[in-house]
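Some notes on the structure that comes next.
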Protein chains: 2
Amino acid sequence: MADSPRAWETVLAHIESALIDGSLRPGDHLPPERTLAAELGVGRSSVREALRVLEVLGLIRTQTGSGPHAGAIIVATPSGGMSALMRLQVAANGFAVQDVVATRLLLESAIAADLATRGGDLAGSRQLLDAMQSDTLTEAEFLALDAQFHVSLAEASGNEVVAAMMAGLRNSIESYVLAAAERLADWATTSARLRQEHTHILAAIEARDAASARRLLHDHIAGYYAETQVPRIPPAPLADSRLAGRTPH
Amino acid sequence: MADSPRAWETVLAHIESALIDGSLRPGDHLPPERTLAAELGVGRSSVREALRVLEVLGLIRTQTGSGPHAGAIIVATPSGGMSALMRLQVAANGFAVQDVVATRLLLESAIAADLATRGGDLAGSRQLLDAMQSDTLTEAEFLALDAQFHVSLAEASGNEVVAAMMAGLRNSIESYVLAAAERLADWATTSARLRQEHTHILAAIEARDAASARRLLHDHIAGYYAETQVPRIPPAPLADSRLAGRTPH
DNA sequence: GCTATAGTTGTGGTCTGACCATAGTGGTCT
DNA sequence: AGACCACTATGGTCAGACCACAACTATAGC
């Protein structure tokens, strides 16, 4: 047994193999940590490190206690892992906020055009749009619904990868979006405009007008960030974080 | 101290806070595991679980030994984390291969159009293209260079988020791409065509012809998967894995 | 006999202490 | 001056113990 890879990596590899060859599928239970440790000839702590990674990545869900609901269960909820990854990378300046926004713009415009072209189930989106009409919402509540609305469009497109990415992108800059809202001169006016734009976007999609849907969504997002001047990453006074400081390597 | 969040989560939160307020930046050292454990009042194993997560997510790099190069150092290499996340989600059927391909198509077409419109440093891409002209490459070698070529386009666009996503998307289906290559009737013909298409794509970008660049890149990727009939996920005989099997929840 | 309560068991969550491997550091001997 | 060797700090790993929790089970009380 080559132990040059670290012990927890062999655990990860073992589980990944089981996933790939189909012997482990969503809904299945992983063996108990102690059993797994004994089977693979590693310590329980190494098993736990691997499971922790899988948990953060959205591969498993753990539950204490006994019985059929306890233990580690394979799930496949990529949004959580995507959010964690992007949120931390933004925090560490690995991702620039403006790149996140640009990517969101890119993805979501394409989603809108795709939905308008190929159709999709927009019931959830419409429901969220209705919920946002309430006048009693706080800024945070409104923005939370707004986030859900945008993610719901991605989900309607039927592409799980894009949906997870959208959720991650939106969550990673949640605090920036909120901070931007507080800088607005007149929240009531802006939120009314956002509501109207949402309505128009959905209408364009349902009218199968891909070009309009794409344009409206683009302007919707770009407009918000332009209005609020979402800042460059504040804690990075260094100049080279601006443009792709890629070391060619 | 509320310990309803698990111990390792408090460690993660602590480090994330330090990243956000700027007291921890790329290149900095984390305190030794034992010190961190003592400071936060948790066991070393809990600290290690948090560090393991950060390592997989591409936030830190650890090194054994002593001296200034040892210990956990903040880095920000999102590609690794993105690749791990997507690879595992594909393995667990959380991501359908066709969704990964569709997303790649979407992102990369946009990248090509963007590069043609706004320009970018294509030296790396051209170098990879030259390297691919060799006739002595095996399929695996060629495809590895191909992957690098496509990622290099994303990097040239200057958007770190898109670059990391592209790397993750490509790595997650590496085995499928390779398997597809082996089903080809005539690898020499196909690889020659791929080479030619790469050249045309780069030419279109340098000619600032966004529409052509987008179309050529789209056809390039779509053509390969059409030719090789990249399969649906094999270990999933269930029917509902085809279209967005989204449980409305 | 039925129900309520109190063990029992199996599981993850955590901590402690120990030991090993590794890589710098510094001192010592030639 | 150079080579060698112990020392030290660090991550990597393991073993064992204990706790918290949830389901199951046996017993006591009615």
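Hydrogens, waters and symmetry mates play no part in the numbers below; they use all other heavy atoms, side chains included. Chain identifiers are assigned alphabetically (A, B, ...) following the order of the sequence lines, protein sequences preceding nucleic acid strands; residue numbering begins at 1 within each chain.
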Where the side chain of [X] is concerned, which of [options] is the nearest nucleotide?
X: A:Ser66; options: C:dC15, D:dA22, C:dT14; value: D:dA22
X: B:Thr62; options: D:dC14, D:dG11, D:dA17; value: D:dG11
X: B:Ser46; options: C:dT14, D:dC14, D:dT10; value: C:dT14
X: A:Pro68; options: C:dG13, D:dG11, D:dC24; value: D:dC24
X: A:Ala7; options: D:dC14, D:dG12, C:dG12; value: D:dC14

At their closest point, which heavy atom of B:Leu59 faces which heavy atom of A:Gln89, and how far apart are they? CD2-NE2, 3.4 Å
N or O in side chain of [X] less than 4.0 angstrom from [N] OP1/OP2:
X: B:Arg44; N: C:dC15; answer: no
X: B:Ser45; N: C:dG13; answer: no
X: A:Arg52; N: C:dG13; answer: yes

Passing option when A:Leu30 is tested against A:Thr62, A:Leu51, A:Ile73 for side chain to side chain contact (heavy atoms under 4.5 Å, CB included):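 Single side chain to side chain contact (heavy atoms under 4.5 Å, CB included) partner of A:Leu30 among A:Thr62, A:Leu51, A:Ile73: A:Leu51.
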How long is the line joining [atom1] of [X] and [atom2] of [N], in whole Å?
X: A:Glu49; N: C:dT14; atom1: CD; atom2: C1'; result: 14 Å
X: A:Arg61; N: C:dT11; atom1: CZ; atom2: P; result: 16 Å
X: B:Arg6; N: C:dG13; atom1: CZ; atom2: P; result: 5 Å
X: B:Leu36; N: C:dC15; atom1: CG; atom2: C1'; result: 16 Å
X: A:Arg48; N: C:dT14; atom1: CZ; atom2: C1'; result: 7 Å
X: B:His69; N: D:dG11; atom1: NE2; atom2: C1'; result: 16 Å
X: A:Leu30; N: C:dG12; atom1: CG; atom2: C1'; result: 13 Å
X: A:Glu33; N: D:dC14; atom1: CD; atom2: P; result: 14 Å

Taking for each residue the nucleotide of DNA chain D bearing the nearest heavy atom, is the 5' side occupied by A:Gln63 or by A:Arg34?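 It is A:Arg34, whose closest nucleotide lies nearer the 5' terminus.
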If you assign each of B:Val47 and A:Thr35 to its closest nucleotide in DNA chain C, which residue comes earlier from the 5' end?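 It is A:Thr35, whose closest nucleotide lies nearer the 5' terminus.
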Which part of the nucleic acid, if any, lies within contact of B:Gly65, taking any heavy atom under 4.0 Å across all strands shown: a base, the sugar-phosphate backbone alone, or nothing? base
At what distance, to the nearest 0.5 angstrom, does CE of A:Met86 lie from CZ of A:Arg170? 14.0 Å
According to the Watson-Crick and G-U wobble definitions, with both distances under 3.5 Å, which nucleotide is paired to D:dA6? C:dT25
Between B:Ser134 and B:Thr136, is any side-chain donor less than 3.5 angstrom from a side-chain acceptor? yes
Will you find, in the side chains of B:Asn159 and B:Ser157, an N or O donor that is under 3.5 Å from an N or O acceptor?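 Absent: no donor and acceptor within the cut-off.
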